[in-house]
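We count residues from 1, following the sequence as given.
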Amino acid sequence: MLLRGYGIYKAILCGITLCIGVLLSCALKADTAPQPLHSWEYHWGDLPLNSQGTLFQQYNTTITWNPISFPANPPGRDGQQHVWFRGVLPEGNWSDPVLYITSIDLIGQVYLDDALIYQYGEFDAKGRGDFAGWPWHMIDLPEDFSGKTLNIRVFSYYTNIGLWGEVKVMERLDVLKSVIQMSVQDFAVGALVFVLAFIASIFALMGPERRGFAAIALFAYASGLMLLAEAPARQLIADNALAWDTLRAGSYYTLPVALGLLLSHWFNGTTKRWLTRIWTLHLAYLAISIGLVQTGIVSLSLTFPVFDALLVVTLPAMLMLALFRFRELSTEQRLLALSFTFFIPLLLADMLVAHGFVAWRTISLSYGTLIFSLANAAIFLWHYRHTQQQMSLANETLEHQVSSRTKELDRLVQELESLSFKDSLTNLHNRRHFDTVFAHECRRVQQNVGQLSLLMLDIDHFKQINDHFGHDAGDSVLVAIGALLRHYFRGLDIVCRFGGEEFIALLPGTSVNAAEARAKALLELASQLPLTHQGTLLRNVTFSCGVATYPDHTQDPFRLLKLADEALYQAKNGGRNRCIVWAESPQTQEFMLGSHSPAGAITRLSPKMHKTSERKL
């Protein structure tokens, strides 16, 4: 708990110091500009130390030292893992001088004359040690350092041995300012890449091109983590160089995997197979190398040369495979491929500098990552616009479909309503429709003074037609009668099939005399209607009709149906083929076609069998 509290305290103190230093560095100017060491010399092999762990002074004069322009990779290594360098510290007037070293391959000790002033890494009794990462170094110098000799002991089993980058005396605040300035671009581009990686992840989860966007997200995450892990200011965030370099290695080794996944998604056939083999090989190397490092079997530093040698072959191969089939790519794929052509040369150049094939210089991978990020941003904006257009089109299509379905549903509802209120055989309104209209008309005439007549019609001897000619002939008779009734009753009149061979007509605003006259005319037309079925001439049919009118026959219009039915009953009993107007007196008005009732007239057996509902004969 105490160590954790001390760590937090140290981190806060470093942060405050850094902020104050940056602010002061903007206002203060060092008395002397940064100066490199001069008169560098080297000596292969290790030199013994005295019992106090300091360098024997006589070795500065008794052994052979060879001149070198910079303390790194002297000639004639021949498997040597130890080397000493010495140089002369510059003259100058500094207020808070430090020695700045970009990096050491791999561990080292720094002596001012014969006194140890700095050590990086752990040395055993044989002067060997394990890789501890590649941080930058800021070594405190005493006030009287000018002109003195600086001795540096280095141990390395890496491809490089010695110092790397810059070695110069600077003001402490200038070092911190330089570290921050060198990291700002990497952090800014890294933040942008992480945002784009997050967006690509969303597209990978939701969009149609899931595998392609997943590969882009993986490449973006890897490149962003690599920029973060390589930024010099990483030590100000967490002072654990080995952890940062492990993160850098993992993200660096992931780049060709993501690139291969993306390119193999674009192509088919032989090109796809070769790209799949390449990214699978890199994935295997990533898993094996990091696994061996974590188990302590292999040093992290030794995984870089092997990977770089592999990458020198596979990276150009992937790029050439993509460019060879460049014409087959879509516009967005071409844009990404071109961004890779900027990123890959920077990656290869950084690799050459790291292994000493090219003189040290700063290679800003953030430029390549920035170009890749801008290409992705353009693609995301295009996809967003395309998605919005598709959504708008989908909405329009959906609205059109909903409108079309609604119209179709309305049509079906109307059709169903029509079917529910119409008789399918005669195409007349049915009993249900009549009940609705009758109730409405009754309420209307009650509220507004007027007349309402009701005719109840029944085909005489209809059962004989069914029995003699068959039910199909009977149906054809009903169809013909339905057509006659539709033609005869017009305007406000409502005619319905009441049930079986029974029909009913509601005549709003019609007096009893007018209703009777219309009924007589209808009976005349019906008796003269020619009827045939499948070429066979059927006998003519006649109607029996009952008439009732409001308010002539009742003060309650709802009783018209009952009264008209009673009148029809009287017409049937009176010999059929006639119209009876309902009357309270025993004497009724009667109209009969001919001088006698048709032969075979059917009479009701008893008034008790009279119904006001459907009548089936």
When you measure from the side chain of [X] to the backbone N and O of [Y], does any donor-acceptor pair fall under 3.5 Å?
X	Y	value
Thr295	Leu292	yes
Tyr157	Phe131	yes
Ser183	Ala233	yes
Gln294	Gly296	no
Arg234	Ala229	yes
Arg77	Thr159	yes
Trp84	Glu41	no
His282	Thr254	no
Tyr285	Leu310	no
Glu171	Ser95	yes

[Y] and [X], any side-chain heavy atoms less than 4.5 Å apart:
X	Y	value
Leu262	Ile216	yes
Ile107	Glu122	no
Leu225	Phe194	yes
Ser264	Arg211	yes
Ile278	Pro256	no
Ser301	Leu106	yes
His265	Leu261	no
Arg153	Leu47	no

Under 3.5 Å, is there a donor on one side chain and an acceptor on the other for [X] and [Y]?
X	Y	value
Ser289	Tyr253	no
Ser178	Tyr100	no
Arg273	Thr270	yes

Report the relative orientation of the aromatic rings in [X] and [Y]; use parallel for angles under 30°, tilted for 30 to 60°, perpendicular for over 60°.
X	Y	value
His137	Tyr118	perpendicular
Tyr42	Phe85	tilted
Trp134	Phe304	perpendicular

Provide the closest heavy-atom pair for [X] versus [Y] in the form atom of the first, atom of the second, distance.
X	Y	answer
Leu300	Ala249	CD1-CB, 3.8 Å
Val169	Leu37	CG2-CD1, 4.2 Å
Trp136	Pro232	NE1-O, 2.7 Å
Gln119	Leu116	OE1-CD2, 4.1 Å
Val88	Ser39	CG2-CB, 4.0 Å
Ser156	Ile161	CB-CG1, 3.7 Å

(Q) side-chain contact (heavy atoms from CB on, under 4.5 Å), that's the test. Do Phe324 and Leu321 meet it? Break it down for me. (A) CA-CA 5 Å; Phe324 181 73; Leu321 286 171; 5.8 Å; no
Nearest 0.5 Å, please: how far is [atom2] in [Y] from [atom1] in [X]?
X	Y	atom1	atom2	answer
Asn240	Thr246	CG	OG1	8.0 Å
Leu89	Lys148	CG	NZ	9.5 Å
Lys126	Gln81	NZ	CD	11.5 Å
Phe213	Leu205	CZ	CG	12.0 Å
Trp279	Leu286	CH2	CG	12.0 Å
Leu218	Leu255	CG	CG	8.5 Å

Q. side-chain contact (heavy atoms from CB on, under 4.5 Å) between Ile139 and Ile101: does it pass, once the steps are laid out?
A. CA-CA 8 Å; Ile139 304 170; Ile101 302 175; 3.9 Å; yes
Q. Within a radius of less than 6.0 Å around CH2 of Trp274, do more than 12 heavy atoms belonging to other residues, nucleotides or ligands occur?
A.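 Counting other residues, nucleotides and ligands, CH2 of Trp274 stays at 12 neighbours or fewer.
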Q: Under the side-chain contact (heavy atoms from CB on, under 4.5 Å) rule, what do Trp44 and Asp78 come out as? Steps first, then yes or no, please.
A: CA-CA 10 Å; Trp44 281 116; Asp78 296 330; over 6 Å; no
Q) Phe123 and Phe155: aromatic ring centres closer than 6.0 Å? A)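 Ring-ring flag for Phe123/Phe155: false, centres at least 6.0 Å apart.
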Q: Kindly write out the residues that satisfy side chain to side chain contact (heavy atoms under 4.5 Å, CB included) with Leu228, not counting sequence neighbours, or none if the list is empty.
A: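 Per chain and number, Leu228 pairs via side chain to side chain contact (heavy atoms under 4.5 Å, CB included) with Phe187, Trp244.
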Q | The single option from Asn151, Leu150, Ile152 passing side-chain contact (heavy atoms from CB on, under 4.5 Å) against Tyr111 | A |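 The single option meeting the side-chain contact (heavy atoms from CB on, under 4.5 Å) with Tyr111 is Asn151.
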**Q.** Test: Arg248 and Asp245 ion pair at under 4.0 Å
**A.**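 Salt bridge flag = yes for Asp245 with Arg248.
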Q) Sequence neighbours excluded, which residues qualify as ring pair (Phe, Tyr, Trp, His ring centres under 6.0 Å) partners of Phe145? A)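 Counting only residues at least two positions away or on another chain, Phe145 forms a ring pair (Phe, Tyr, Trp, His ring centres under 6.0 Å) with Trp94.
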Q: Show the numbers, then the answer: is there a side-chain contact (heavy atoms from CB on, under 4.5 Å) between Leu259 and Leu319?
A: CA-CA 9 Å; Leu259 180 59; Leu319 185 59; over 6 Å; no
